[in-house]
Amino acid sequence: QVHLVESGGGVVQTGGSLRLSCAASGRKLGSLAMAWFRQTPGNEREFVARISASGQSSSYLTAVEGRFTISWGGAEDTVWLQMNSLKPEDTAVYYCAAVVAVIGGTVWDSYDYWGQGTQVTVSP
């Protein structure tokens, strides 16, 4: 079993930055592929970014490419999502997801484990 704990959400003005973290426990480092998704009311979870278990591969939603960066780091099994140049349309609940694989897909049902979600609000 994998347990994911997210933190780092909040309220920020347009153009500001936030960094989300997702601490994973229960599996050996190097066996989990991770991703971030986001969801707004009435919509499905939308892929934002993914990173391979090795950290060597990553990809992004086109709308966030160049502004967001996903990375592994820290003493624990933690995945970061650095979000810069935030826009009001980035407002959503952000979820961390994990799967035991080299790399996960870009649809929500590619992942077996989910965090509780953290709210990101970007004010105009």
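All values reported here derive from a predicted model rather than from experimental measurement.
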Which heavy atom of Pro88 sits nearest a heavy atom of Pro124, and at what distance?
-> CG-CA, 4.2 Å
List the atom pairs, donor and acceptor, that lie under 3.5 Å between side-chain atoms in residues 3-12 and the rest of the protein, sequence neighbours left out.
| from | atom 1 | to | atom 2 | distance (Å) |
| --- | --- | --- | --- | --- |
| Glu6 | OE1 | Gln116 | N | 3.3 |
| Glu6 | OE1 | Gly117 | N | 2.4 |
| Glu6 | OE2 | Cys96 | N | 2.5 |
| Ser7 | OG | Ser21 | OG | 2.7 |

Residue pair Gly104 / Ala33: nearest heavy atoms and the distance that separates them | N-CB, 3.5 Å
Just list the side-chain donor-acceptor pairs under 3.5 Å for residues 57-65, sequence neighbours left out, or say none.
| from | atom 1 | to | atom 2 | distance (Å) |
| --- | --- | --- | --- | --- |
| Ser59 | OG | Arg50 | NE | 2.7 |
| Tyr60 | OH | Ile70 | N | 2.9 |

Residues forming a side-chain contact (heavy atoms from CB on, under 4.5 Å) with Val102, sequence neighbours excluded | none
Beyond-backbone contact of Val99 with Leu32, side-chain heavy atoms, under 4.5 angstrom | no
How would you list, by chain and number, every residue that makes a side-chain hydrogen bond (donor to acceptor under 3.5 Å, both in side chains) with Thr91, sequence neighbours excluded?
-> none
Take atom CD of Gln56 as the centre, draw a 6.0 Å sphere, and report whether it contains more than 12 heavy atoms from other residues, nucleotides or ligands.
-> no
Between Val2 and Ile51, is there a shared hydrophobic cluster once you connect ILVMFWY residues whose side-chain heavy atoms come closer than 4.5 Å?
-> yes
Less than 3.5 Å apart, which donor and acceptor atoms pair up between the side chains of residues 34-49 and the rest of the protein, not counting sequence neighbours?
| from | atom 1 | to | atom 2 | distance (Å) |
| --- | --- | --- | --- | --- |
| Arg38 | NE | Glu46 | OE1 | 2.8 |
| Arg38 | NH1 | Asp90 | OD1 | 3.0 |
| Arg38 | NH1 | Tyr94 | OH | 3.0 |
| Arg38 | NH2 | Glu46 | OE1 | 3.4 |
| Gln39 | OE1 | Arg45 | NE | 3.2 |
| Gln39 | NE2 | Asn43 | O | 2.9 |
| Thr40 | OG1 | Asn43 | ND2 | 2.7 |

Kindly write out the residues that satisfy side-chain contact (heavy atoms from CB on, under 4.5 Å) with Ser17, not counting sequence neighbours, or none if the list is empty.
-> Gln82, Asn84
side-chain hydrogen bond (donor to acceptor under 3.5 Å, both in side chains) contacts touching residues 100-115 (sequence neighbours left out) | none
Test side-chain contact (heavy atoms from CB on, under 4.5 Å) on Leu20 and Thr118 and set out the steps.
-> CA-CA 8 Å; Leu20 306 183; Thr118 185; 4.0 Å; yes
Can you name the nearest heavy-atom pair linking Ala53 to Ala101, along with the distance?
-> CB-O, 3.7 Å
